[in-house]
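Contents: one structure, followed by commentary.
In what follows, residues are counted from 1 in the order of the sequence shown.
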Amino acid sequence: MSLLVVGLSHRSAPVSVLERASLNVDAQLKLLQDTVAAEPAAEAALLATCNRIELYADVDKFHAGVAELSTLLAQHSGVGLEELTPHLYVHYEDRAVHHLFSVACGLDSMVVGEGQILGQIKDSLARAQDLHTAGRLLNDLFQQALRVGKRAHSETGIDRAGQSLVTFGLEQLSAGADVEQWARGKKALVIGAGSMSSLAAATLARAGIAEIVVANRTFERAERLAQILTEGDDTDVLARAVPMDAVPGELTRADVAVSCTGATGLVLTADSVAATVAGRTGAPAVESGAGSGSGAVGVREERQGAETPPPGAGTGTVTGDDENCPLDLSSVSTVPSGFSVMGEAAVAGMDAATLEQHGAWAAGGTAVDRPRESGRTGAEADAELIGALAATATRVGRIPERRRPEPVAEVPRPEPVLFLLDLAMPRDVDAAVHRLAGVRLVDIESLADASADAPMAADVDMVRRIVADEVAAFGAAQRAAHITPTVVALRSMAADVVAGEIARLEGRLPELDDKHRAEITQTVKRVVDKLLHAPTVRVKQLAAEPGGAGYADALRTLFDLDQGTVASVSRAENSTEKNRGPA
């Protein structure tokens with residue numbers, strides 16, 4: 001097995017890079033075709049989601065494979081190789097298997113334990129099968145990954161460790177409130193009709209949303225999703241479909257909008273959202289000061305205007321705390337507003353002599369002038385003074401900051417009248433919407449920030465053990481399968497030897513009747529089978545262990561097996577051999 005994966009995800013790359021590197025459907029298909037057409041790769045599959053792009057391949061050379069797959073990812077994503085490389089990760093053989101199994105279980109997801117990744121892995125396998133780029137190795141790998149993921153969800157409580165990205169996003173929109181209470185009676189606009197948008201619509205319907213409007217470029221898909229929602233047994237939501245050009249109008253009616261399309265540009269601009277909010281509130285949706293990359297919940301507003309500095313701070317006025325300070329306060333113009341001259345900010349950049357004076361004064365000592373000794377250079381004197389200051393700092397610790405900066409006043413953010421959930425990559429909603437008052441936007445970037453410190457359930461450890469066991473089992477099965485063609489070729493050679501000897505016997509004893517001939521033939525076959533049984537069973541067991549790949553070579557050498565025969569058996573077994581496409 002020479003399995004290689006090269007990729008990038010939310011763990012290795014910032015959202016801005018993931019957005020630029022995202023691939024549409026056509027680019028994904030072309031990447032797969034170009035990968036199997038490349039020299040090092042025999043099979044290829046691509047796992048592309050909203051927060052990861054991973055290219056899997058069966059390669060015959062590691063370094064050449066890494067170089068080729070990295071280059072292909074850069075070419076098809078449009079991100080330069082030099083810029084992309086620092087964000088790429090590489091896994092090989094057992095580590096690659098471990099990575100995919102961890103992904104399938106939700107351990108590598110932005111929200112730990114989310115189960116939607118299983119559907120995405122299934123789609124990736126189906127795409128590779130349709131293109132004939134997945135051979136025996138990748139078929140076995142992805143199918144086993146699906147089984148491992150299902151096992152993790154059925155045997156552990158990994159689902160309790162996190163939620164689907166949609167559910168987690170809605171929890172962030174509701175700002176910690178109960179999602180069902182928050183959603184009850186609201187109207188929702190769902191932009192897109194793919195798997196993620198469908199999941200979002202279904203989740204909203206179960207949460208109690210009163211009405212869902214589905215907009216999609218292909219109107220028939222929007223109609224189909226709306227029909228599914230309307231006919232669902234577990235909800236009574238009203239659902240209807242509209243074309244994409246109806247989005248601006250529907251946005252003015254919606255309380256919640258979820259967008260997840262494959263568009264390469266913005267679906268909702270800051271201006272269009274601002275106009276919607278202004279139309280509903282009757283006031284302009286001005287920028288509130290929240291950073292564009294900030295999460296929607298708990299955003300700390302920037303200060304509106306300068307704060308009045310406390311008396312005596314940085315103004316040259318001596319306060320009680322600053323009495324007898326050796327510094328010339330009138331010349332200390334670099335002290336930031338809100339800081340005492342006792343603080344470290346006040347002494348930044350002072351010469352060594354003044355610094356020592358300040359250190360002694362701050363520690364409660366008496367500031368005494370220490371003129372430079374005649375005949376000594378300024379550098380030598382400074383060195384001595386710095387040493388003395390270091391000794392003082394060692395004895396009394398850090399210079400105390402007696403007056404801390406005044407707390408920054410927070411400007412109340414108005415209650416949102418429009419909630420936006422952007423699950424697309426690249427983003428559908430302009431990041432500048434974060435700064436609009438009256439809007440709460442949750443996107444992939446803010447979801448990553450919110451989930452970074454999410455608690456890990458104890459079940460995660462159980463899933464990790466499952467993954468480790470399954471990786472070992474998969475590796476053993478692959479190594480055992482690697483020797484199977486050699487064993488088959490050995491038995492085929494033995495059968496040829498038996499057939500040749502029986503033919504020779506018939507030539508020498510033509511008077512043998514059919515009964516005796518059959519008995520002799522069966523006896524010879526049993527002898528050969530018994531002689532080969534123990535060695536072939538044992539060699540399969542040994543080959544399944546780590547480092548057992550050499551047993552196949554040893555078997556071929558010992559029995560002088562024809563390499564071409566072994567290769568023909570391998571080709572026959574690999575019924576899904578990949579198609580390299582047009583030359």
Side-chain angles (χ1 to χ4, degrees), residues 19 22-29 48 50 116 119 123 165-166 169-170 173 183 185-232 235-280 285 417-433 436 438-444:
E19 282 186 319
S22 62
L23 304 169
N24 58 35
V25 176
D26 291 339
Q28 293 178 28
L29 300 181
C50 60
Q116 189 181 1
D123 293 341
L165 207 58
V166 172
L170 293 178
L173 279 184
K186 285 184 168 64
K187 298 178 180 179
L189 170 64
V190 176
I191 306 174
S195 58
M196 183 73 82
S197 298
S198 300
L199 177 61
T203 304
L204 286 169
R206 288 193 297 269
I209 284 284
E211 179 184 356
I212 296 178
V213 177
V214 182
N216 194 59
R217 285 182 173 80
T218 305
F219 183 69
E220 289 75 14
R221 294 191 65 180
E223 279 188 316
R224 185 163 61 250
L225 177 55
Q227 182 180 3
I228 292 173
L229 294 171
T230 302
E231 296 175 353
T235 66
D236 55 358
V237 67
L238 299 175
R240 57 187 175 88
V242 298
M244 282 294 286
D245 56 13
V247 166
E250 294 295 338
L251 192 63
T252 62
R253 302 178 61 252
D255 303 299
V256 184
V258 180
S259 187
C260 186
T261 72
T264 55
L266 294 174
V267 175
L268 297 178
T269 64
D271 290 341
S272 65
V273 174
T276 298
V277 174
R280 299 180 68 169
V417 297
L418 180 61
F419 299 85
L420 300 177
L421 178 58
D422 183 6
L423 299 173
M425 184 65 71
R427 69 178 75 240
D428 280 347
V429 182
D430 192 344
V433 172
L436 297 179
V439 184
R440 177 175 294 155
L441 168 62
V442 172
D443 53 20
I444 293 294

Exercise. Where do Val258 and Ile191 land on the side chain to side chain contact (heavy atoms under 4.5 Å, CB included) test, with the steps shown first?
Worked result: CA-CA 6 Å; Val258 180; Ile191 306 174; over 6 Å; no
Problem set entry | Test log, rule side chain to side chain contact (heavy atoms under 4.5 Å, CB included), inputs Asp430 and Leu268 | CA-CA 6 Å; Asp430 192 344; Leu268 297 178; over 6 Å; no
Exercise. Under the side chain to side chain contact (heavy atoms under 4.5 Å, CB included) criterion, do Arg440 and Leu420 qualify, and how do the steps go?
Worked result: CA-CA 6 Å; Arg440 177 175 294 155; Leu420 300 177; over 6 Å; no
For this session: Report the C-alpha separation of Val273 and Thr269 in whole Å, then their side-chain angles, then the decisive distance to 0.1 Å, and conclude whether the side chain to side chain contact (heavy atoms under 4.5 Å, CB included) test is met.
Result: CA-CA 6 Å; Val273 174; Thr269 64; over 6 Å; no
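Counting only residues at least two apart or on different chains, no salt bridge (Lys or Arg N to Asp or Glu O under 4.0 Å) pair has a member in residues 188-197. Listed by first and then second residue, the side-chain hydrogen bond (donor to acceptor under 3.5 Å, both in side chains) pairs that reach into residues 214-227 are Gln227-Glu231, sequence neighbours excluded.
For Lys187, the NZ atom is loosely surrounded, since the number of other residues' heavy atoms within 6.0 Å does not exceed 12.
Pairing each heavy atom of Ala254 with each of Leu189, the nearest pair is CB-CB, 3.9 Å. Of all heavy-atom pairs between Ala263 and Pro426, the closest is O-CG, 3.9 Å. When all heavy atoms of Leu229 and Ala239 are compared, the pair lying nearest together is CB-CB, 3.9 Å. Closest approach of Cys260 and Ala424 over heavy atoms only: CA-CB, 4.0 Å. For Met425 against Ser22, the heavy-atom pair with the smallest separation is O-CB, 3.5 Å.
Put simply, the side chain of Cys50 reaches to within 4.5 Å of the side chain of Ile444, judged on heavy atoms. A heavy-atom distance below 4.5 Å is found between the side chains of Phe419 and Lys186. Val214 is not listed as a side-chain neighbour of Val242, based on a closest heavy-atom distance of 4.5 Å or more.
From Leu421, atom CG reaches atom CG of Leu173 across 5.0 Å, with rounding to the nearest 0.5 Å. Distance check: Leu436 CG to Asp271 CG gives 9.0 Å after rounding to the nearest 0.5 Å. One finds the CG atom of Asp255 at 8.0 Å from the CG atom of Leu418 (value rounded to the nearest 0.5 Å). Distance check, rounded to the nearest 0.5 Å: OG of Ser197 to CG of Leu225 gives 8.0 Å. How far CZ of Arg427 is from CG of Asp443: 5.0 Å, rounded to the nearest 0.5 Å.
Evaluation of the side chain to side chain contact (heavy atoms under 4.5 Å, CB included) rule for Ala188 yields Leu204, Ile209, Ile212, Val256 as partners, not counting sequence neighbours. Looking at residues two or more places apart in sequence or on another chain, you find no side-chain hydrogen bond (donor to acceptor under 3.5 Å, both in side chains) involving Thr252. Scored by the side-chain hydrogen bond (donor to acceptor under 3.5 Å, both in side chains) test, Ser259 finds Asp428 as partners (sequence neighbours excluded). The side chain to side chain contact (heavy atoms under 4.5 Å, CB included) check on Asn24 picks up Asp26, Ala27, with sequence neighbours excluded. Pro248 pairs by the side chain to side chain contact (heavy atoms under 4.5 Å, CB included) definition with nothing, not counting sequence neighbours. Scored by the side-chain hydrogen bond (donor to acceptor under 3.5 Å, both in side chains) test, Ser198 finds no partners at all (sequence neighbours excluded). For Arg240, the salt bridge (Lys or Arg N to Asp or Glu O under 4.0 Å) test picks out Glu211, Glu250, with sequence neighbours left out.
The residue from Val429, Val442, Thr261, Val433 that alone fulfils the side chain to side chain contact (heavy atoms under 4.5 Å, CB included) condition with Asp422 is Val429.
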